[in-house]
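Indexing begins at 1, ligand by ligand and atom by atom, following the structure's order.
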Amino acid sequence: MLPIARGEAPATDDLSGKTVATLFFENSTRTRLSFTMAGKRVGAEVLDLNASTSSSSKGETLLDTALNVQAMGVDGLVLRCSASGGPQLVAKGVRIPVINAGDGRHEHPTQGLLDALALQEHFGRKSLDGLTIAIVGDVGSSRVARSNAQSLTALGADVVLTGPPSLVPEAMAELVTSTENTRGSVRVEHELDGILGSIDAIMMLRVQFERHGGLGIPSDYVEQFGLSVDRAARLRDGAPVLHPGPINRGTEIDPEVADGPRSLILDQVTCGVAVRMAILKGLLSRNS
Ligand code: CP
């Protein structure tokens with residue numbers, strides 16, 4: 001799907017006659033628009049529910065909203081909500097596929113897949129065996145970190161969750177339980193400078209103040225964990241910098257690094273369209 005997402009190959013009509021609805025009860029730029037783009041690129045019609053003007057504000061439950069959208073003849077739902085487990089709950093109550101576009105702090109599976117694809121493209125191989133990838137910042141609040149821990153270890157990478165103890169509890173080392181499909185490991189580090197020279201890629205995370213309940217972050221957070229130009233220069237040659245967005249320039253990452261030669265940030269966005277095209281095509285053509 002990547003050549004289509006990059007505009008190097010024509011769009012398809014694989015899902016002609018199918019309709020996808022995006023239901024976003026939390027704000028989004030990348031995920032929502034890229035699902036819309038992805039649907040159009042594989043020939044589906046895409047309807048967007050405007051959550052702020054929907055009847056959820058009158059007390060309608062997530063499942064009732066989904067059932068009503070299904071009753072209109074929609075073939076698949078893309079759902080983002082603040083309740084962890086919301087998409088799973090809805091999926092049990094409807095007949096059509098439900099794609100999790102991010103649920104609370106829990107999971108952001110399509111982000112985990114698109115980040116894996118961006119790294120596969122960067123390193124030129126499908127396996128991430130032998131690579132160590134740091135995920136840095138507000139890991140505890142991050143559904144992106146949880147989904148990346150799953151996807152990257154499944155592909156063989158070792159993941160280092162890095163940040164202050166208040167944002168990265170030790171217990172997060174148990175995030176991924178070993179299965180025969182999980183080849184890589186997860187560990188926790190509380191110092192960024194000590195690992196810079198031994199990692200193959202670094203993924204910075206936004207501090208999610210909105211999920212902290214007013215607790216805030218350590219006063220030296222930017223000094224200790226911000227990816228400055230000086231820190232980026234101490235990364236291994238060729239080690240890329242990732243960020244799922246939205247970026248807070250000058251907090252978790254300096255603008256020169258975000259826009260610099262190591263940055264895969266906009267490649268991640270393009271990979272997002274490709275991954276979501278594949279997911280929509282896989283799920284909705286199976287459901288014909
Ligand atoms: N990465 C990500 O989920 O971005 P949005 O919140 O803009 O969708």
Subject >> Atoms of ligand 1, numbered as shown, that sit under 4.0 Å from any heavy atom of Gly245 >> reply: 1 (N), 2 (C), 4 (O)
Original post:
Can you find a pair of side-chain heavy atoms, one from Asp14 and one from Ser285, that are under 4.5 Å apart?
Top reply: no
Original post:
Taking the six-membered ring of Phe24 as reference, does the NZ or CZ atom of Arg80 fall below 6.0 Å from its centre and within a 45° cone about the axis?
Top reply: no
Subject >> Proximity flag Arg80 to ligand 1, non-hydrogen atoms under 4.0 Å >> reply: yes
Original post:
Tell me, which protein residue and heavy-atom name are nearest atom 4 (O) of ligand 1, and how many Å apart are they?
Top reply: Arg30 NE, 3.0 Å
Subject >> Under-4.0 Å salt bridge between Arg183 and Asp129 >> reply: yes
Original post:
Would you call Asp193 and Arg234 a salt bridge, taking side-chain N to carboxylate O under 4.0 Å as the test?
Top reply: yes
Subject >> Linked, directly or transitively: Val144 and Val269 (ILVMFWY side chains, under 4.5 Å) >> reply: no
Original post:
Does one side chain, of Ser84 or Asp103, offer a donor that lies under 3.5 Å from an acceptor on the other?
Top reply: no
**OP:** Examine Pro246 against ligand 1 and note whether any of their N/O atoms are separated by less than 3.5 Å.
**Re:** no
Original post:
Relative to the heavy atoms of Thr29, which atoms of ligand 1 are at a distance of less than 4.0 Å?
Top reply: 5 (P), 7 (O), 8 (O)
Original post:
What protein heavy atom is closest to atom 1 (N) of ligand 1, reported as residue, atom name and distance in Å?
Top reply: Pro244 O, 2.8 Å
Original post:
Taking distance alone, with no angle check, do Gln111 and ligand 1 share an N/O pair under 3.5 Å?
Top reply: yes
Subject >> Interfacing atoms of ligand 1 (cut-off 4.0 Å, heavy-atom, Thr31) >> reply: 2 (C), 3 (O), 4 (O), 5 (P), 8 (O)
